[in-house]
Amino acid sequence: MYIKDLSKFENQLVTLKGWVANKRESKGLVFIVLRDGTGLCQCVADANNIDESYFNDARKTTLETSISITGKVIKDEKQIGGYEIAITELELIQVATDYPIAKKEHGVEFLMDHRHLWLRSQRQWAIMRIRNTITFAIHKFFQQEGFIQMDAPLFTGNAVEGTSTLFETDFYGDPAYLSQSGQLYGEAMAMAHNKIYTFGPTFRAEKSKTRRHLSEFWMIEPEMAFHDIFDNMDLIERFLRAVVLDVLANNKPELAMIERDISILENITKPFPRLTYDEAVKIIKGEVDVNNKNAIVSLEEELTSVVNRISEVEAEIKEREDKIKVPGMKKGEIGFNQAKIDKLKHELNELEEQSRNIPQWLSSARNFEYGNDFGGSDETVLTRLFDVPIMVYNWPHEVKAFYLKRDPENSKFARGVDTLAPEGYGEIVGGGERETDLDLLIGKINEHGLPMEAFEWYLDLRRYGSVPHAGFGLGLERLVAWVCKLPHVRETIPFPRMYGRLKP
RNA sequence: UCCUCGAUAGCUCAGCUGGUUAGAGCGAGUGACUGUUAAUCACUAGGUCCCUGGUUCGAGCCCAGGUCGGGGAGCCA
């Protein structure tokens, strides 16, 4: 019996097992908000209606105490979930003392140190449900499209691109690296099964401390024989649309819990703009407007509004602090104002960080040098202007991976494509058409200073029945972060591993 | 690796140009309250002011070096 099914048991006696998510009590009444992993439900112990021992046990409950409750299901529109339980029996399973996570603002470090408990809170619960939908939707999409799921090894002897970002391990006395992409293996598997996808963990030892980076993250890498870059873009677009529509179909309540603006997700049915690198650069530099917006001007406006908001917030904090100081205010009202002040101070810290970052981003966009790869801030500047994901293709070949196909129409470019999520999120997909020319590939491997013997097996794919093929890699956490509009990817995975974070 | 912000009670934060005994709210504990949805009231217990050194009659506050954390750059999904 689970809380999510209560509607089928109106006016019946049910038994629920779960944890105390919240509790309020007065003399003859105890209100327990029970959490059972499927939902929340208020349960009421009324001293007049139940045995004294049950009532006393109800009073003993604390935050996150585990209990079993039996009671009658009563419809009550005012309650979360629309139902309430009138308790008739209550069994304490384990009484928790001093649960660390309180119903108030906490700092990031504290919450991360208590990630094992933080996962129980409502917001995190909702995010994990959405992640689950996305994971399932990804498998569903590819399976329906006739893809075979195959897994690339996690231990690898050679680096795809450089070694500075690899975690080294000991493999029976030899160095081995944790995989940072299954890409090359994916190509081999596609030659055997035509269309395949991998879905597994990926490791990158980048000492990055930004909202977009994890050291361990989950990547989905499809690879398709007989696909060119345009087929690839068609697939990316269909794929992301299917996944987001699945979330909209299954997770409206969760999206509401985290206060996600659904209208932007609903735009997913619109076609994704496809820009060449050249076009995207013009937009970033503010030389071309898009959707009646100019990248530079709108960022300048953003900066102004951040500055204005800072003075607003400062004024409100001061006002509330002065209010509290006046003698005679009721204790509860002081507490209420103090909680508001806490929240405003957190907002103020974030705004001040933005006011330091935006000028840097502005100068980076203004001074963007044609031919460079996009940085994180460039992607932010660009994607703030859109309300659907965009695809940027035909990149200068020097800045992209060695295995990307040179554009036959202009050898300056490589047929890579990045998909950038809107609202400033940036890259969630990177991919492209693969180089099939054996000599060009050998040249690129030498150019990058990579050990040729490690790539012999890969070159075999060009020697024996080489065909045009393409694929891409999607970062699961980045997709979840955008769908949920989270400020940081660390909340999209149960136990994040990142620079400076290996526990819990 | 670089830039930038920070570290004070279990938590979130005040703490003035350096000045006696370091504060608030929340949380916790005790008692009072018959329906609450972070707003009832009273009382109680909570501190190595991150570490090391320096300046000073005097350092939570100033200086130097470190440690840890937030944000960003580079790199990337």
Side-chain angles (χ1 to χ4, degrees), chain A residues 22-33 42 44 46-48 62-63 76 78-80 84 97-114 161-162 164-165 180-181 183 202 204-214 217-221 317 321 324-325 329-346 348-350 352-361 364 372-380 399 401 418-421 425-431 472-479 481 487-490 499-501:
Chain A
N22 201 355
K23 182 187 150 190
R24 290 171 287 271
E25 68 183 300
S26 54
K27 184 155 188 190
L29 287 166
V30 179
F31 301 93
I32 292 169
V33 176
Q42 175 164 282
V44 186
D46 185 334
N48 295 329
T62 57
L63 223 53
D76 183 350
K78 280 191 301 186
Q79 300 305 330
I80 315 164
E84 183 177 89
T97 48
D98 298 333
Y99 185 68
I101 299 181
K103 294 175 290 175
K104 74 188 294 276
E105 291 284 307
H106 288 290
V108 175
E109 193 182 0
F110 178 81
L111 289 171
M112 290 295 288
D113 284 342
H114 295 85
E161 303 157 66
S164 60
T165 60
Q180 58 175 2
S181 169
Q183 149 84 50
T202 302
R204 300 216 178 146
E206 295 160 349
K207 289 183 178 171
S208 299
K209 284 167 46 172
T210 80
R211 70 184 68 196
R212 306 181 299 282
H213 286 88
L214 292 170
F217 64 96
W218 287 71
M219 191 151 67
I220 295 87
E221 293 181 287
I317 289 173
E321 277 176 343
I324 287 176
K325 280 181 200 145
M329 182 183 272
K330 280 215 261 175
K331 213 160 174 278
E333 206 176 341
I334 290 174
F336 177 74
N337 275 295
Q338 191 62 50
K340 280 267 194 263
I341 290 170
D342 282 2
K343 228 174 206 166
L344 289 167
K345 279 186 177 160
H346 278 223
L348 191 60
N349 280 338
E350 273 163 36
E352 280 170 348
E353 249 151 25
Q354 283 181 47
S355 74
R356 281 190 292 266
N357 286 334
I358 292 176
Q360 288 178 29
W361 296 354
S364 158
N372 285 350
D373 204 351
F374 293 172
S377 68
D378 303 315
E379 290 176 3
T380 301
V399 302
D418 283 0
T419 305
L420 312 180
Y425 271 83
E427 185 169 3
I428 51 174
V429 170
F472 62 89
L474 167 88
L476 178 64
E477 287 75 18
R478 286 191 181 175
L479 177 61
H488 199 296
V489 289
R490 66 180 154 230
Y499 186 53
R501 170 67 57 184

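Proteins get letters first, then strands, A, B, ... in listed order; numbering begins at 1 in each. Note that these values count all heavy atoms, side chains included, but never hydrogens, waters or copies made by symmetry.
One interatomic measurement links the two molecules: CD1 of A/I341 to P of B/rA24, which rounds to 15 Å at whole-angstrom precision. Taking atom CD on A/E221 and atom P on B/rC76, their separation rounds to 15 Å, with Å as the unit. A/I80 places its CD1 atom 13 Å from the P atom of B/rU37, with the value rounded to the nearest Å. Between the CG atom of A/D342 and the C1' atom of B/rG27 there is a distance of 12 Å, given to the nearest Å. As a whole-Å value, the separation of A/K103 NZ from B/rU12 C1' is 16 Å. Taking atom CD on A/Q183 and atom C1' on B/rC76, their separation rounds to 14 Å, with Å as the unit. Between the C1' atom of B/rU12 and the CG atom of A/L344 lies a distance of 13 Å, rounded to the nearest Å.
Residue A/K27 has its side chain nearest to B/rC33 when only B/rA42, B/rC33, B/rG70 are considered. If you check B/rC76, B/rG35, B/rG25 against the side chain of A/R212, the one that comes closest is B/rC76. Comparing B/rC75, B/rG71, B/rG35 by their closest approach to the side chain of A/E353 singles out B/rG71. Which of B/rU34, B/rG71, B/rA73 sits closest to the side chain of A/N48 comes down to B/rU34. Here B/rC76 is the nucleotide among B/rG25, B/rC76, B/rG71 with the atom lying nearest to any side-chain atom of A/R478. Side-chain atoms of A/F110 lie closest to B/rU12 of the nucleotides B/rC76, B/rU37, B/rU12. Out of B/rG70, B/rU36, B/rU1, the shortest distance to the side chain of A/R490 is found at B/rG70. Side-chain proximity of A/F217 to the nucleotides B/rA77, B/rU12, B/rG25 is greatest for B/rA77. Counting only heavy atoms from C-beta on, A/E333 has its side chain closest to B/rA39 among B/rA39, B/rA28, B/rU1.
Taking the six-membered ring where tryptophan is involved, the planes of A/F110 and A/H114 are tilted, since the angle between them lies from 30° to 60°.
Between B/rG35 and A/S26, a contact under 4.0 Å exists linking OP1 or OP2 to a side-chain N or O. Applying the 4.0 Å criterion to OP1 and OP2 of B/rG71, one finds that A/H488 has a side-chain N or O inside that range. Taking only side-chain nitrogens and oxygens, A/R356 never comes nearer than 4.0 Å to OP1 or OP2 of B/rC5.
Residue contacts for A/H114: at a heavy-atom cut-off of 4.0 Å it reaches no nucleic acid atom on any strand shown. As judged by a 4.0 angstrom heavy-atom cut-off over every strand, A/V489 is placed among residues making no nucleic acid contact. Counting non-hydrogen atoms under 4.0 angstrom, A/I334 reaches the backbone sugars and phosphates but no base. Using a 4.0 Å heavy-atom cutoff across all strands shown, A/E427 reaches sugar-phosphate atoms only and no base atom. Among the heavy atoms of the strands, none lies under 4.0 Å from A/W218. Residue contacts for A/N357: at a heavy-atom cut-off of 4.0 Å it reaches the sugar-phosphate backbone alone, with no base atom in range. Backbone-only contact: A/K345 has heavy atoms under 4.0 Å from sugar-phosphate atoms and none from a base. Within the 4.0 angstrom heavy-atom criterion, no nucleotide atom of any strand lies near A/I101. Within 4.0 Å (heavy atoms only), A/E321 reaches no atom of the nucleic acid at all. Contact annotation for A/S377: backbone-only contact, meaning every heavy-atom pair under 4.0 Å involves sugar-phosphate atoms and none involves a base. Among the heavy atoms of the strands lying under 4.0 Å from A/H346 are primed sugar atoms or P, OP1, OP2 only; no base atom is included. Counting non-hydrogen atoms under 4.0 angstrom, A/D373 reaches the backbone sugars and phosphates but no base.
One N or O donor and one acceptor, one from the side chain of A/E84 and one from the base of B/rG35, sit under 3.5 Å apart. Not a single donor-acceptor pair, N or O on each side, falls under 3.5 Å between the base of B/rC41 and the side chain of A/K331. No donor-acceptor contact under 3.5 Å links the side chain of A/E25 to the base of B/rU34.
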What pairs of nitrogen or oxygen atoms, one from the protein and one from nucleotides 66-69 of chain B, lie under 3.5 Å apart?
residue: B/rG69; atom: OP1; partner: A/G500; partner atom: O; Å: 2.9

Legend entry - Per-nucleotide pairing state of RNA chain B [Watson-Crick or G-U, under 3.5 Å; [ ] pseudoknot-crossing; | other strand]: (((((((..((((.....[...)))).(((((.......))))).....(((((..]....))))))))))))....
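Each of A/I428 and A/T62 lies near RNA chain B, and the nucleotide nearest A/T62 is the one positioned closer to the 5' end. With RNA chain B read from its 5' end, the first of the two nearest nucleotides for A/Q42 and A/H106 is the one closest to A/H106.
A donor-acceptor contact closer than 3.5 angstrom is absent between the side chains of A/E427 and A/T419. Of the N and O atoms on the side chains of A/Q360 and A/S377, not one donor lies less than 3.5 Å from an acceptor on the other residue.
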Inset, instruction - Show the numbers, then the answer: is there a salt bridge (Lys or Arg N to Asp or Glu O under 4.0 Å) between A/K23 and A/E25? - result: CA-CA 7 Å; A/K23 182 187 150 190; A/E25 68 183 300; 3.3 Å; yes
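In terms of modelled atom types and a separation under 3.5 Å, the side chain of A/R204 and the main chain of A/Q180 share a donor-acceptor contact.
Contact check on A/R211 versus A/E350 returns no salt bridge, with no Lys/Arg side-chain nitrogen under 4.0 Å from an Asp/Glu carboxylate oxygen.
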